[in-house]
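A short worksheet on the structure shown next.
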There are 2 protein chains.
Amino acid sequence: MKPTGQASARGGYHHGDLRQAMIEAAEALLAEKGLNGFTLRECARRAGVSPAAPAHHFGNLAGLLTAIATLGFDDLSDAMEQAADKASLSGEGRLAAIARAYLDVALARPGRFRVVFGQRGLDWDAPDFKRAASRAFGVLVAETRAHLAGGQAAPAAPLVTPPDAAGAPDLPFILFVWSVTHGFSTLLIDGQLDFLAGEAGREAMLDRHAGKLVCLLVAAVADSEGLAKPAGDH
Amino acid sequence: MKPTGQASARGGYHHGDLRQAMIEAAEALLAEKGLNGFTLRECARRAGVSPAAPAHHFGNLAGLLTAIATLGFDDLSDAMEQAADKASLSGEGRLAAIARAYLDVALARPGRFRVVFGQRGLDWDAPDFKRAASRAFGVLVAETRAHLAGGQAAPAAPLVTPPDAAGAPDLPFILFVWSVTHGFSTLLIDGQLDFLAGEAGREAMLDRHAGKLVCLLVAAVADSEGLAKPAGDH
DNA sequence: GCACTATCTTAACGTCGTCAAGATCGTTAG
DNA sequence: CTAACGATCTTGACGACGTTAAGATAGTGC
């Protein structure tokens with residue numbers, strides 16, 4: 001049978017690199033309609049492929065979303081690392097830098113961010129996904145510890161596997177940092193703070209408050225440093 | 001035509017109080033399957049009613065979810081108010097009490113919490129919903145301000161309309177409190193902190209860290225009180 | 001040049017949210 | 001008392017969704 005459907009419009013029966021094409025289509029669709037309007041069929045449509053084609057590459061919808069979420073975690077890790085390094089050079093605090101980077105990534109791609117931390121089912125056991133998630137958490141842990149240590153020194157071995165952190169004495173600080181950053185990002189993304197924007201728009205509201213919020217966070221971690229540590233170290 | 005379908009099993013053509021029955025079925029379904037497995041048809045099925053029946057009471061799926069979210073916001077407000085009052089009597093801090101109450105509500109009904117702050121579309125313009133959301137934010141504002149004022153005094157007029165808060169000097173503190181609380185709740189609910197639970201389960205992990213986290217929050221707000229205020233008041 | 005395997009299409013299934021049209025019931029006006 | 005009416009619910013249907021099974025096509029290695 002001649003390829004009379006989508007394949008003919010594309011020029012061949014095989015796509016070539018459908019996996020990448022699907023991911024790009026998915027990102028575009030997420031940016032356009034958000035996670036709510038996201039559809040596997042629409043992605044396949046944009047990739048010029050039948051609805052059943054993605055099954056072989058991703059298994060199912062959860063597989064595609066997991067691939068997107070993996071990219072999202074890596075994006076988060078990269079942005080935090082780069083921001084911390086740059087801030088370290090210019091003398092700013094690394095903690096403030098990663099918090100700001102986290103927020104920026106969330107705001108730049110809210111759809112993808114919602115996939116990472118969203119309700120639609122993911123393959124939590126996918127190796128790549130687990131690795132990406134661990135890396136992002138590792139960056140957070142490393143930077144928070146560097147901040148607690150008082151220096152701008154980048155830790156030599158920044159990779160922290162989650163089980164290591166389970167009993168760490170500075171875990172409350174790490175959770176605190178993550179909670180503030182993630183919470184503010186989530187509230188913003190979900191539109192819960194839109195009533196604060198006024199007529200100036202969200203950007204103005206961000207410029208006004210995000211900086212102060214990060215200052216509060218840094219001050220909080222610095223000031224209560226001795227709270228969770230048994231013996232004083234300063 | 002005789003009622004041969006769902007109506008006969010119920011005993012009559014009319015239900016009586018379908019609106020309430022749908023809400024109860026929805027809550028049960030959310031508790032059982034979460035927001036992901038939530039379905040309007042399944043709710044109607046459990047209420048013993050045809051799939052099109054809820055349309056007249058809620059308009060569409062968003063209408064039903066908005067009704068649930070309204071209950072969720074009211075639940076949040078009530079829990080925070082009661083916790084603050086009780087804590088005030090026993091001498092504890094009201095701020096720590098509302099943070100803990102927020103977390104407890106989220107953990108007690110994660111499905112409903114995800115409806116309130118979730119991705120599935122809601123009718124943001126529904127009057128009841130707006131009122132409930134404003135009330136919850138108002139409680140947060142009032143308690144944070146009471147804490148900043150240094151006393152456990154409950155404010156006489158706790159209702160704060162959102163526009164009032166847009167230019168308030170203590171807004172960063174309020175956002176800070178909300179971000180920490182909401183962020184930690186969200187991370188927990190979404191299973192992002194499950195790897196910290198270990199073999200002891202999530203309850204043990206909560207008992208270990210939630211308290212310290214709230215302590216950090218309270219200390220942070222108390223310590224950096226003078227940061228956003230132009231003139232020192234202590 | 002041929003089998004083999006990966007890749008993609010077609011067709012279909014069951015489920016979903018929603019709508020239009022009709023049936024039923026409670027209520028109220030005459 | 002009854003007839004009309006509006007509110008409530010059912011039925012049946014529509015298009016879209018995710019997923020699957022079976023078949024067609026293309027690149028690859030022998």
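Bear in mind that the values here come from a model prediction, so they are computed numbers and not experimental data. Throughout, protein chains are lettered first and strands after them, A, B, ... in sequence-line order, and every chain is numbered starting at 1. Just the heavy atoms: all of them, side chains too, but no hydrogens, waters or symmetry mates, feed the values below.
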Ring pair (Phe, Tyr, Trp, His ring centres under 6.0 Å) with A:His182: which of A:Phe113, A:Phe176, A:Phe137?
A:Phe113

Rounded to whole Å, please give me the gap between CZ in B:Phe58 and C1' in D:dT8.
14 Å

Sorted by position of nearest nucleotide on DNA chain D, 5' first, the leading residue of A:Thr39 and B:Asp17 is B:Asp17

What integer distance in Å separates A:His56:NE2 from D:dG23:P?
18 Å

Can you measure A:Leu40 atom CG to D:dT20 atom C1' for me and round it to whole angstrom units?
13 Å

What does A:Gly63 touch in the nucleic acid at a heavy-atom separation under 4.0 angstrom: a base, only the sugar-phosphate, or nothing?
nothing

Measure CG/B:Asn60 against P/C:dT18 and give the value in whole Å, please.
5 Å

Would you call A:Glu81 and A:Lys86 a salt bridge, using N to O less than 4.0 angstrom?
no

Rounded interatomic separation in angstrom, taking CG from A:Leu29 and P from D:dC17:
10 Å

A:Arg19 CZ to C:dC8 C1', straight-line distance once rounded to whole Å:
17 Å

Positive for salt bridge (Lys or Arg N to Asp or Glu O under 4.0 Å) with A:Arg135, one of A:Asp128, A:Asp78, A:Asp75:
A:Asp78

Checking D:dT11, D:dA21, C:dT18 against the side chain of A:Ala52 (C-beta onward), the nearest is D:dA21

Ranking C:dT18, D:dG18, D:dT20 by distance to the side chain of A:Ala55, first place goes to D:dT20

Would you call B:Gln192 and B:Thr186 a side-chain contact if the rule is heavy atoms closer than 4.5 Å?
no

Any side-chain N or O of B:Arg45 less than 4.0 Å from the OP1 or OP2 oxygen of C:dT15?
no

More 5' along DNA chain C: A:His57 or A:Arg41, using each one's nearest nucleotide?
A:His57

Taking atom C1' of C:dG17 as reference, at what distance in whole Å does atom CZ of B:Phe38 sit?
12 Å

Angle between ring planes, A:Phe117 versus A:Phe73, binned at 30° and 60°: parallel, tilted or perpendicular?
perpendicular

Quick one: B:Glu42 CD to C:dC16 P, roughly how many Å, whole number?
7 Å

